[in-house]
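See structure below.
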Amino acid sequence: MNRSDLLSKAAELIDGQRAKDYGNAAENFGNIATIWTVILGHSVSAEQVALCMTGVKICRLTKTIDHVDSWIDSAGYIALGGEIATEKTA
């Protein structure tokens, strides 16, 4: 899979089925951040959720470097985190 295909697939997922399944990413990541804040005992932001979810995918890739879904999901999480972060500063 080339880089354009990988990024296109990530966009297709985050704008398509994943959006249908989980709703607005900023809201969903905000909800996750709220739960993680309670569990961890310190504030967690939606952007940090995106970074941590990307980290999960990176860790998985260290065991299965050729697992395409993890590459695609990593790109998707980074894109969503970047969108959430830059919308806050706009």
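Contact between Ala33 and Ala46 at its shortest, heavy atoms only, is CB-N, 3.9 Å. What you find for Ile84 and Ala26 is that their closest heavy atoms are CD1-CA, 3.7 Å.
The salt bridge (Lys or Arg N to Asp or Glu O under 4.0 Å) contacts involving residues 6-17 comprise Lys9-Glu12, where partners must be two or more places apart or lie in separate chains. Every pair tested for salt bridge (Lys or Arg N to Asp or Glu O under 4.0 Å) that includes a residue from residues 74-84 fails, sequence neighbours excluded, so the list is empty. Applying the salt bridge (Lys or Arg N to Asp or Glu O under 4.0 Å) rule to pairs touching residues 31-40 yields nothing, sequence neighbours excluded. Within the structure, every pair that satisfies the side chain to side chain donor-acceptor pair (under 3.5 Å) test and touches residues 28-48, not counting sequence neighbours, is listed here: Ser45-Glu47, Ser45-Gln48, Glu47-Lys88.
Asp21 meets the side chain to side chain donor-acceptor pair (under 3.5 Å) test with Gln17; sequence neighbours excluded. Residues passing the salt bridge (charged side-chain N to carboxylate O under 4.0 Å, His left out) test with Glu27, sequence neighbours excluded: none. When the side chain to side chain contact (heavy atoms under 4.5 Å, CB included) test is applied to Ala25, the partners found at least two apart in sequence or on another chain are Leu80. With sequence neighbours excluded, the residues satisfying side chain to side chain contact (heavy atoms under 4.5 Å, CB included) with Lys57 are Arg60, Ser70, Asp73, Ser74, Tyr77. Remark: Leu6 engages Met1, Trp71, Ile72, Ala75 in a side chain to side chain contact (heavy atoms under 4.5 Å, CB included) (not counting sequence neighbours). Residues meeting the side chain to side chain contact (heavy atoms under 4.5 Å, CB included) test with Asn2, sequence neighbours left out: Ser4, Asp5.
Hydrophobic cluster membership is shared by Val68 and Leu13, with clusters built from Ile, Leu, Val, Met, Phe, Trp and Tyr side chains linked at under 4.5 angstrom. Cluster annotation: Ile58 and Ile65 are assigned to distinct hydrophobic clusters (Ile/Leu/Val/Met/Phe/Trp/Tyr, side-chain heavy-atom contacts under 4.5 Å, transitive). A continuous path of ILVMFWY side-chain contacts below 4.5 Å connects Leu40 to Ile35, so both sit in one hydrophobic cluster. Under the 4.5 Å side-chain heavy-atom criterion for ILVMFWY residues, a single connected hydrophobic cluster contains both Ile39 and Met53.
A distance of 6.0 Å separates CG of Leu51 from CD1 of Ile78, quoted to the nearest 0.5 Å.
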